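In each ligand, atom 1 is the first atom listed, and ligand 1 is the first ligand listed. Nothing here was measured: the structure is a model prediction, and the numbers come from that model. Just so you know, residue 1 is the first one in the sequence shown, and it goes up from there.
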Amino acid sequence: MTQAMVEGWLAGGISPDRFTAYHPTRKQAAHGIAMTNRLEVGTYDTVLLGIKPQMLPELAPQVAPLATGSVTVLSVLAGITLDGLAVHFPNASGVVRLMPNLACGVRKSPIALIGRGMGEPLADDVRQKLTQLAAVLGSAEWIADEGQFDLVTALAGSGPGFTYRFIDALARAAAQLGLPDDQARRLSLAMVEGAVALAAASDVSPADLAARVASPGGMTQRGLDVLDDDDALLSLLTRTLRETRDRGEEMGRTRP
Ligand SMILES: NC(=O)C1=CN([C@@H]2O[C@H](COP(=O)(O)OP(=O)(O)OC[C@H]3O[C@@H](n4cnc5c(N)ncnc54)[C@H](O)[C@@H]3O)[C@@H](O)[C@H]2O)C=CC1
Ligand SMILES: O=C(O)[C@@H]1CCC=N1
């Protein structure tokens with residue numbers, strides 16, 4: 001995930017010399033970023049955690065000495081709360097959760113943020129700096145209530161996974177009904193790309209755009225009726241987001 005973020009920041013004009021990647025054994029980072037296997041105290045103004053959430057307890061003791069003074073700790077770790085971060089990095093100036101998605105690499109990710117200083121709100125200058133940094137990757141969206149962060153993660157962080165599943169299922173359905181596989185895949189992706197671009201450029205809501213596509217008594221309406229029957233699609237997606245959100249809550253409870 002953090003590689004896509006760095007790709008987005010570099011594509012957005014941030015200099016590679018602003019970054020140092022850390023890994024205990026890896027010798028080289030992508031895109032000419034400096035790589036180290038020794039974390040030097042006093043060298044970094046911000047620490048971005050991009051490990052799997054379950055690695056945090058093991059890795060945090062190595063990172064904690066860096067997180068002192070004015071250093072802010074940023075985390076993209078799904079499920080790990082601000083309190084969970086603060087336990088590991090008590091001497092940081094603040095801890096911030098960021099929730100990006102893989103579209104950071106093409107600078108089209110919404111980035112949800114929530115953070116706090118230690119015993120006080122996050123400093124305004126840090127908040128502003130992070131808003132600018134996040135905006136380079138797409139758009140910044142501060143979340144007021146941490147209780148909603150796992151739901152935001154389900155929608156904006158996991159969402160690309162659900163969207164890709166939809167594109168793939170649409171293509172497979174068309175193939176099952178008789179289109180050649182590769183043609184079905186091409187048409188499915190190009191259709192979604194165009195539909196999203198139109199919705200993003202339009203003042204009309206997606207719900208109203210769906211109605212515009214459906215000529216009364218025509219083909220699209222017959223298909224929408226299948227998706228809408230007993231709120232089939234809405235129920236499926238509500239269950240999908242609920243399960244995804246609840247997994248985040250579980251991860252936050254059991255770790256660290
Ligand atoms: N994949 C996604 O779309 C998203 C992932 N996230 C979060 O990003 C984090 C990473 O997930 P992915 O990128 O999917 O997994 P990943 O397996 O691609 O990334 C894990 C990273 O940890 C590094 N790593 C492994 N051992 C290490 C060690 N001992 N010291 C330092 N670095 C080490 C690896 O080099 C790798 O860059 C997770 O916390 C996840 O919740 C958040 C939003 C979206
Ligand atoms: O699957 C995960 O746990 C992470 C969170 C959002 C996207 N990937």
Report yes or no: do Asp225 and Gln221 form a side-chain donor-acceptor pair below 3.5 Å? yes
Option with minimal heavy-atom separation from atom 39 (O) of ligand 1, where the choices are Thr153, Asn37, Ile111, Ile51: Ile51
Ligand 1 atoms nearer than 4.0 angstrom to some heavy atom of Tyr22 are 30 (N), 31 (C), 32 (N)
For atom 20 (C) of ligand 1, which candidate among Gly79, Gly161, Gly50, Gly157 holds the nearest heavy atom? Gly50
Where is the nearest protein heavy atom to atom 3 (O) of ligand 1: which residue, which atom, and how far? Leu102 CG, 3.5 Å
Could you walk me through whether Arg247 and Glu250 pass the salt bridge (charged side-chain N to carboxylate O under 4.0 Å, His left out) test, one step at a time? CA-CA 5 Å; Arg247 176 63 189 140; Glu250 254 173 53; 2.7 Å; yes
Would you say Leu77 ends up clustered with Leu151 if hydrophobic residues are merged whenever their side chains have heavy atoms under 4.5 Å apart, either directly or through other cluster members? no
What protein heavy atom sits nearest atom 7 (C) of ligand 2, and how far off is it? Gly157 O, 3.6 Å
Looking only at protein heavy atoms, what sits closest to atom 1 (O) of ligand 2 is Ser158 OG, 4.7 Å
What's the verdict on side-chain contact (heavy atoms from CB on, under 4.5 Å) for Arg116 and Glu146, showing C-alpha distance, side-chain angles and the deciding distance? CA-CA 11 Å; Arg116 64 168 166 82; Glu146 193 178 11; over 6 Å; no
Among all protein heavy atoms, pick the one closest to atom 28 (C) of ligand 1 and tell me residue, atom and distance. Pro24 CD, 3.5 Å
Less than 4.5 Å apart, any side-chain heavy atom of Leu10 and any of Pro16? yes
Could you check which of Met251, Met1, Arg26, Met5 puts a non-hydrogen atom nearest to atom 35 (O) of ligand 1? Arg26
Please confirm whether Ala78 comes within less than 3.5 Å of ligand 1 when only nitrogen or oxygen atoms on both sides are compared. yes
Check Leu59 against ligand 1 and report side chain, backbone, both or neither, counting heavy atoms closer than 4.0 Å. side chain
If hydrophobic clusters are built by linking Ile, Leu, Val, Met, Phe, Trp and Tyr wherever their side-chain heavy atoms come under 4.5 Å apart, do Leu227 and Leu234 end up in the same one? no
Which option out of Glu58, Gln62, Arg97, His23 puts a heavy atom nearest to atom 23 (C) of ligand 1? His23
Students should be able to answer this: which protein heavy-atom is nearest to atom 42 (C) of ligand 1, and at what distance? Val76 O, 3.3 Å
Between Tyr164 and Val196, is there shared hydrophobic-cluster membership here, with clusters defined by ILVMFWY side-chain heavy atoms closer than 4.5 Å? yes
Common cluster, Ile51/Tyr22, ILVMFWY with side-chain heavy-atom separation under 4.5 Å: yes
Provide, to 0.1 Å, the distance between atom 17 (O) of ligand 1 and the closest protein heavy atom, together with that atom's residue and name. Lys52 CE, 3.3 Å
Tell me which one of Ala78, Gly79, Pro160, Pro100 gets a heavy atom nearest to atom 5 (C) of ligand 2. Ala78
Show, in sequence, the C-alpha distance, side-chain angles and deciding distance for Thr46 and Lys129, and conclude whether the side-chain contact (heavy atoms from CB on, under 4.5 Å) test is met. CA-CA 11 Å; Thr46 309; Lys129 190 174 80 173; 3.9 Å; yes
Only heavy atoms of Met99, strictly under 4.0 Å: list the atoms of ligand 1 that pass. 42 (C), 43 (C)
for atom 26 (N) of ligand 1, nearest protein heavy atom and its distance come out as Met55 CE, 3.3 Å
Are the side chains of Met5 and Leu98 in contact, using a 4.5 Å heavy-atom criterion? yes
Is the shortest N/O to N/O distance between Asn101 and ligand 1 below 3.5 Å? no
Please check if any side-chain donor atom of Glu7 sits under 3.5 Å from a side-chain acceptor atom of Gln3, or the reverse. yes
